[in-house]
Protein chains: 2
Amino acid sequence: MLSRKKEIPEQLNERLATSGLRFTPQRQQVYNVLLDTRDHPTAEEVFLRAKHESPDISMATVYNCLDALVTCGLVRQVNVNRAATRYCPNMNDHCHFYCDDCGKVLDVNCTSAGPVAGAKVPSGFQVTHYELSLRGRCPDCATKANKLHH
Amino acid sequence: MLSRKKEIPEQLNERLATSGLRFTPQRQQVYNVLLDTRDHPTAEEVFLRAKHESPDISMATVYNCLDALVTCGLVRQVNVNRAATRYCPNMNDHCHFYCDDCGKVLDVNCTSAGPVAGAKVPSGFQVTHYELSLRGRCPDCATKANKLHH
DNA sequence: CTATATGCAAATAGTTTGCCTGTTA
DNA sequence: TAACAGGCAAACTATTTGCATATAG
């Protein structure tokens with residue numbers, strides 16, 4: 001559970017510095033929360049979890065920390081429908097699956113080519129980021145839905 | 001400009017009926033706005049444009065109409081970052097490009113295979129929708145940015 | 001020491017809801 | 001005419017901002 005917490009403090013410090021940002025206990029704490037449970041929490045969920053160890057942390061600080069982590073390239077924002085923005089510390093090439101039944105957001109691995117390879121981007125466009133989001137039923141909910149048919 | 005307005009009223013009527021929804025002048029008007037200028041407007045932009053022809057239309061109605069159009073499969077929602085949801089009447093296989101410089105959202109054609117083909121979706125997932133969004137610089141802004149280097 | 005970050009509270013933006021009236025099928 | 005849609009205003013949720021204090025480098 002807590003094993004990851006000691007693995008990356010220097011990495012975080014360096015990454016922040018590279019982007020001209022300062023290391024703070026709150027930024028460490030917010031990053032730890034994202035690494036501990038990789039369920040793509042919203043800012044408010046991060047806030048509630050971070051409060052366990054940092055009871056004085058505020059929502060404004062959580063947003064600030066999340067922005068800092070995005071800026072220095074350690075975290076990605078995930079947007080699903082009209083709902084609140086979610087945050088993902090997995091920076092590998094992957095996409096997100098949103099389950100319409102249970103609301104969970106899951107990481108899905110992509111081919112090594114990456115989804116952008118599948119899109120003929122007309123010349124002239126400079127693509128710096130991409131996000132592929134899938135929607136439907138996750139395996140758990142698909143199984144449950146099948147059982148109801150019997 | 002207005003040429004499309006008369007092309008689809010029956011189609012809209014039928015599509016709404018198929019989903020158990022009623023045809024109303026407001027829904028027609030909102031759909032016309034989306035078809036007239038395909039720049040992926042937000043709900044508020046749709047509202048402002050619709051008011052020209054339907055001065056009494058309200059925001060609540062615009063949201064209702066947009067939801068109705070999404071429900072009956074004539075319009076897609078487009079989510080970009082933390083900003084307001086945008087709406088797109090192009091139901092062909094395509095993805096969206098968001099320009100970080102000018103904020104425009106542009107349609108980009110995909111290969112016939114579609115971007116989902118590029119993602120190894122683990123077995124068990126039932127994918128019903130997908131959305132590929134790209135970010136970076138659009139051709140116009142890329143050209144402008146290059147000129148500044150001389 | 002100085003720029004930057006925090007914490008609090010108030011402000012905004014986007015969206016939804018309730019309720020009554022109007023309209024569609 | 002009965003169920004659904006519109007209009008208005010209030011409520012709500014997510015996010016941002018202003019400002020005084022604290023702290024990292």
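Every chain is numbered from 1 and lettered A, B, ... according to where its sequence line falls, protein lines coming before strand lines.
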Between the main-chain N or O of A:Asn92 and the side-chain N or O of A:His94, is there a donor-acceptor pair closer than 3.5 Å?
yes
Pair B:Arg137 + B:Asp100: basic N to acidic O under 4.0 Å
no
To the nearest angstrom, how far is A:Glu14 atom CD from D:dG25 atom P?
13 Å
Which whole-number value in Å describes the distance from A:Lys51 NZ to C:dG7 P?
12 Å
Are OP1 or OP2 of C:dT16 and a side-chain N or O of B:Tyr63 less than 4.0 angstrom apart?
no
Could you pull out the closest heavy-atom pair between A:Arg76 and A:Asn90, with the gap in Å?
CD-O, 3.8 Å
Nearest-Å distance for atom pair CD/C1', residues A:Gln28 and C:dT6
17 Å
Could you tell me the separation between the CG atom of A:Asp67 and the C1' atom of C:dT4, rounded to a whole number of Å?
15 Å
Without decimals, in angstroms, what is the distance between A:Met59 CE and D:dT13 C1'?
10 Å
Rounded to whole angstroms, how far apart are CG on A:Asn79 and P on C:dT15?
12 Å
Who passes salt bridge (Lys or Arg N to Asp or Glu O under 4.0 Å) against B:Arg86, sequence neighbours left out?
none
Calculate the interatomic distance between A:Leu66 atom CG and C:dA5 atom C1'; express it in whole Å.
14 Å
Could you tell me whether B:Arg27 and B:Asp67 have a side-chain N and a carboxylate O separated by less than 4.0 Å?
no
Given protein heavy atoms under 4.0 Å, the one-letter contact record of nucleotides 3-9 of chain D, with B base, S sugar-phosphate only and - none, is simply BBSSBB-
Donor-acceptor contact present, side-chain A:Thr18 to main-chain A:Glu14, <3.5 Å
yes
Figure out the CZ/C1' separation between A:Phe47 and C:dC8, and round it to whole Å.
11 Å
